[in-house]
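To start, the structure itself, in structure tokens.
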Amino acid sequence: MSLGISSSSDMPAVMGDMQTPYDLLRLLRSKTQAYGFAYFTVLKLPAIGEAKIGALSELSNWPAELTRTYDERKVGASSPILKRLAQSALCFQYTLDELPVVDNGKRPSVVDLFRKFDMVRWAYFPVHCPAYGTGAIGYSGLRDELDMQEMGELQLVSTGIFDQLAKLRGTRDEEKPRLTERERECLRWTAEGKTSFEIGKIIGISEHTVNYYLNTASGKLKSTNRVQAVAVALRSGLLG
């Protein structure tokens, strides 16, 4: 299976039409499906003291139920995938059966939720951009193990996507970030201690859309996560 990307010189052509995060979302969906996966997530790492997938995710199509349950049960605190990403710059694959068994002899209950959404194999690709920092892009779903060629292609695609995301997040030199009203609104409610799910209910948009606005705001504010974004926005007088 191949996307027809044979060298790094092809990446500018692939990324040339990417003007907004929504363009990247469409590209990610296309590449994810082309390789036989169903889900993707773009993570920003590291986030000191932060192990919630909802806060780490820059772009993602994980089901809202899965993201919410993952964070409510604090799965990220002991996630072997997050630990491995923190310790190595090599891409890797992981399967549901490899998840560790907890002390009571049973696997974490979130495993049932992974299986419900056919998320039984993951492939993760560490990425880095000098202007944006370190991250990883993960693909998951139902398929056999990727071969070396596929892993190499997806590493190339993932690096290009992360670099383009950095450009779209406005992390280059800027005098003062310009937040949209929706971004400010989501940050204000975050400052009040509300979750993405609660904010969505309050202002009448989906949880995924709330995460999108919080992530774009974090990028503009050059923050690792939403907590930092709120602090920066408050100091800058952007939430007044």
Side-chain angles (χ1 to χ4, degrees), residues 20-33 36-45 47 50-79 81-82 85 94 96 99 107-124 135-143 161 165 168-169 180-219 223-230:
T20 71
Y22 285 118
D23 292 330
L24 279 180
L25 278 171
R26 287 194 293 269
L27 177 64
L28 273 164
R29 289 193 185 100
S30 173
K31 303 311 182 189
T32 298
Q33 293 171 3
F37 289 113
Y39 305 103
F40 61 82
T41 183
V42 181
L43 303 176
K44 184 72 179 298
L45 302 170
E50 179 60 75
K52 291 187 175 182
I53 204 72
L56 294 176
S57 297
E58 294 286 291
L59 295 172
S60 176
N61 70 340
W62 276 31
E65 178 187 359
L66 176 58
T67 300
R68 185 167 59 253
T69 304
Y70 186 102
D71 288 344
E72 287 175 351
R73 298 179 184 176
K74 301 180 179 179
V75 177
S78 59
S79 167
I81 289 177
L82 293 181
L85 289 172
Y94 207 89
L96 192 60
L99 283 177
R107 295 182 184 277
S109 54
V110 76
V111 166
D112 294 332
L113 206 51
F114 282 136
R115 201 175 299 281
K116 172 183 177 181
F117 291 106
D118 292 332
M119 196 179 288
V120 299
R121 177 178 293 280
W122 296 272
Y124 274 89
I137 299 183
Y139 307 86
S140 52
L142 278 173
R143 63 149 292 164
I161 287 174
L165 179 62
L168 294 178
R169 289 291 195 235
T180 66
E181 182 53 39
R182 276 299 198 198
E183 288 169 344
R184 287 195 297 270
E185 188 175 18
C186 290
L187 285 172
R188 290 190 194 103
W189 283 114
T190 299
E192 294 292 328
K194 301 298 183 182
T195 65
S196 295
F197 178 74
E198 292 169 333
I199 295 170
K201 292 295 184 181
I202 292 170
I203 64 179
I205 59 178
S206 72
E207 182 179 7
H208 278 304
T209 304
V210 172
N211 285 332
Y212 168 76
Y213 285 126
L214 288 172
N215 287 332
T216 55
S218 294
S223 301
T224 303
N225 54 51
R226 63 186 66 188
V227 175
Q228 290 183 2
V230 168

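All values reported here derive from a predicted model rather than from experimental measurement.
A pairwise comparison of heavy atoms in Phe37 and Ala123 identifies CZ-CB, 4.2 Å as the closest pair. Summarising the geometry of His208 relative to Ala64, their closest heavy-atom pair is NE2-N, 3.6 Å, with the distance given to 0.1 Å. The minimum heavy-atom distance linking Ala229 with Ser218 is given by the pair CB-OG, 3.5 Å. Shortest non-hydrogen contact noted between Arg226 and Ser196 is NH1-OG, 2.7 Å. Considering every non-hydrogen atom in both Arg68 and Phe197, the closest pair reads NH1-CD1, 3.6 Å.
Tyr39 places a side-chain heavy atom less than 4.5 Å from the side chain of Pro63. Residues Leu25 and Arg29 form a side-chain contact, since some pair of their non-hydrogen atoms from C-beta on lies under 4.5 Å apart. Side-chain contact between Tyr124 and Leu43 is present, with at least one heavy-atom pair separated by less than 4.5 Å.
The stretch residues 51-75 participates, sequence neighbours left out, in these ring-ring contact (aromatic ring centres under 6.0 Å, His included) pairs: Trp62-Tyr70.
Of the charged side-chain nitrogens involved, at least one lies within less than 4.0 Å of a carboxylate oxygen, so that Glu185 and Arg182 count as a salt-bridged pair.
Formation of a donor-acceptor pair under 3.5 Å by the Thr216 side chain with backbone atoms of Tyr213 is found in this model. No donor-acceptor distance shorter than 3.5 angstrom exists from the side chain of Ser79 to the backbone of Val75, with no hydrogens or angles considered. Remark: the backbone N or O of Arg26 is not paired with any side-chain donor or acceptor of Ser30 at under 3.5 angstrom. Using a distance-only test at 3.5 Å, with no hydrogens or angles considered, a donor-acceptor pair links the side chain of Asn215 to the main chain of Ser57. Side chain of Glu198 to backbone of Lys194: no donor-acceptor contact under 3.5 angstrom is found. With hydrogens and angles ignored, the 3.5 Å screen pairs no side-chain donor or acceptor of Asn225 with any backbone N or O of Lys44.
How far OG1 of Thr67 is from CG of Leu113: 9.5 Å, rounded to the nearest 0.5 Å. With rounding to the nearest 0.5 angstrom, the CG atom of Leu59 is 6.5 Å from the CG atom of Leu28. The structure places OG1 of Thr41 at 8.5 Å from CG of Leu56, a figure rounded to the nearest 0.5 Å. To the nearest 0.5 Å, atoms OG1 (Thr209) and CD1 (Ile199) are separated by 12.0 Å. Between Thr195 atom OG1 and Trp189 atom CH2 the span is 12.0 Å, to the nearest 0.5 Å. Distance check, rounded to the nearest 0.5 Å: CD1 of Ile81 to CD1 of Ile53 gives 8.5 Å.
A ring pair (Phe, Tyr, Trp, His ring centres under 6.0 Å) with Trp122 is found for one member of Phe114, Phe40, Tyr139 and no other, namely Phe114.
With sequence neighbours left out, the salt bridge (charged side-chain N to carboxylate O under 4.0 Å, His left out) criterion links Lys201 to no other residue.
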